[in-house]
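In what follows, every heavy atom counts, from backbone to side chain, and hydrogens, waters and symmetry copies are set aside.
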Amino acid sequence: MLKTETTYYKTPIGIAKIIGDTNGIQSVSVLNDDEISQELLHQKTPECLQDCVLQLQEYFNGKRASFNLTVNPKGTSFQKKVWKSLLDIPYGKTRTYLQQSKFLGDVKAIRAVASANGKNPLWIVIPCHRVIGSNGSLTGYAGGIWRKKWLLAHENPVKQQSLF
């Protein structure tokens, strides 16, 4: 049986907790800075998680728009189908829950789709933060609405128009 490894990476919006093994990344979640000791933050990153940390660094530095990682999230087949569909939302763009349900072929599944989004175990890597309410509102984000707002602004910064 493979040994599951864990590492922590400090991002601008909290601590990323990364769990995985040589079969892939199982989970990337976000913690508040006060939820973890500084000693854990400074531990050596296990080899099987190093690429994930590097790609998250690149994302937060504005040098990466998508992730190229082997992932191994735990979930039902429906949840995995929903999570896979999230990967089709381009960087800097959003899709509504209704659009996502239509994309998956069942408008009536909107609540089930929203529930599956909320159980996404791969924060940022599978971009559930790109799904918004039909009225444009930032709804339903396990990491907190303020983080969703930050991530969307990070991916699509407002360009100030030139006055001249």
Could you check whether any side-chain heavy atom of [X] comes within less than 4.5 Å of a side-chain heavy atom of [Y], counting everything from C-beta outward?
| X | Y | result |
| --- | --- | --- |
| Leu69 | Gln55 | yes |
| Cys128 | Trp83 | no |
| Asn117 | Val82 | yes |
| Val53 | Ile18 | yes |
| Thr94 | Val131 | no |
| Pro73 | Gln26 | no |
| Val28 | Tyr9 | no |
| Phe67 | Ile124 | yes |

Taking atom [atom1] of [X] and atom [atom2] of [Y], what is their separation to the nearest 0.5 Å?
| X | Y | atom1 | atom2 | value |
| --- | --- | --- | --- | --- |
| Asp21 | Asn72 | CG | CG | 6.5 Å |
| Leu49 | Glu5 | CG | CD | 6.5 Å |
| Trp146 | Leu151 | CH2 | CG | 9.0 Å |
| Leu86 | Lys81 | CG | NZ | 13.0 Å |
| Leu152 | Arg147 | CG | CZ | 14.0 Å |
| Asn68 | Arg64 | CG | CZ | 6.5 Å |

So if you build clusters from Ile, Leu, Val, Met, Phe, Trp, Tyr with side-chain heavy-atom gaps below 4.5 Å, do [X] and [Y] land together?
| X | Y | result |
| --- | --- | --- |
| Trp123 | Leu138 | yes |
| Leu54 | Val125 | no |
| Ile19 | Val71 | no |
| Tyr8 | Ile25 | no |
| Phe103 | Val107 | no |

(request) Start with the C-alpha distance between Thr6 and Lys17, add both sets of side-chain angles, then the distance that settles side chain to side chain contact (heavy atoms under 4.5 Å, CB included), and finish with yes or no. (result) CA-CA 7 Å; Thr6 302; Lys17 180 180 181 181; 4.0 Å; yes
(request) Determine yes or no for a side-chain-to-main-chain donor-acceptor pair under 3.5 angstrom, with Ser137 supplying the side chain and Thr139 the backbone. (result)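 Side chain of Ser137 to backbone of Thr139, a donor-acceptor pair under 3.5 Å: no, none is there.
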(message) Between Gln100 (side chain only) and Tyr97 (backbone N and O only), is there a donor and an acceptor less than 3.5 Å apart?
(response)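 Side chain of Gln100 to backbone of Tyr97: no pair is present.
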(request) Show the numbers, then the answer: is there a salt bridge (Lys or Arg N to Asp or Glu O under 4.0 Å) between Lys63 and Glu58? (result) CA-CA 5 Å; Lys63 295 177 172 26; Glu58 292 170 347; over 6 Å; no
For [X] versus [Y], what's the shortest heavy-atom pair and its separation?
| X | Y | result |
| --- | --- | --- |
| Asn156 | Gly92 | ND2-O, 3.5 Å |
| Cys48 | Gly20 | SG-O, 4.1 Å |
| Thr11 | Ala16 | CG2-CB, 4.0 Å |

(message) Taking the ring centre of each residue, are Tyr59 and His154 less than 6.0 Å apart?
(response)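 Distance test on ring centres: under 6.0 Å, yes.
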(request) Run the ring-centre check on Trp150 versus Phe60 and record whether the distance is less than 6.0 Å. (result)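 Aromatic pair counts; centres sit under 6.0 Å.
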(request) Check the pair Thr70, Asn23 against side chain to side chain contact (heavy atoms under 4.5 Å, CB included), reporting the backbone distance first and the verdict last. (result) CA-CA 7 Å; Thr70 301; Asn23 283 338; over 6 Å; no
(request) For the residue pair Thr7 and Gln43, confirm or rule out a side-chain donor-acceptor distance under 3.5 Å. (result)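 Per modelled atom types, Thr7 and Gln43 side chains form no pair under 3.5 Å.
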(message) For Lys119 and Ser115, which I'm curious about, is there any donor-acceptor pair between the side chains at under 3.5 Å?
(response)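 Yes.
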(message) Quick test of your reading of the model: are Glu155 and Arg130 salt-bridged, counting only N-O distances below 4.0 Å?
(response)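 Yes, this pair counts.
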(message) Counting neighbours of NZ on Lys108 that are heavy atoms of other residues, nucleotides or ligands and sit closer than 6.0 Å, is the number greater than 12?
(response)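 It does not: Lys108 NZ has 12 such atoms or fewer within range.
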(message) Applying salt bridge (Lys or Arg N to Asp or Glu O under 4.0 Å) to Arg95 and Asp88, what does each step give before you reach the verdict?
(response) CA-CA 10 Å; Arg95 182 183 290 163; Asp88 293 324; 5.6 Å; no
(request) Before giving the answer on side chain to side chain contact (heavy atoms under 4.5 Å, CB included), spell out for Ile15 and Asn32 the whole-Å C-alpha distance, their side-chain angles and the decisive distance to 0.1 Å. (result) CA-CA 6 Å; Ile15 307 294; Asn32 294 320; over 6 Å; no
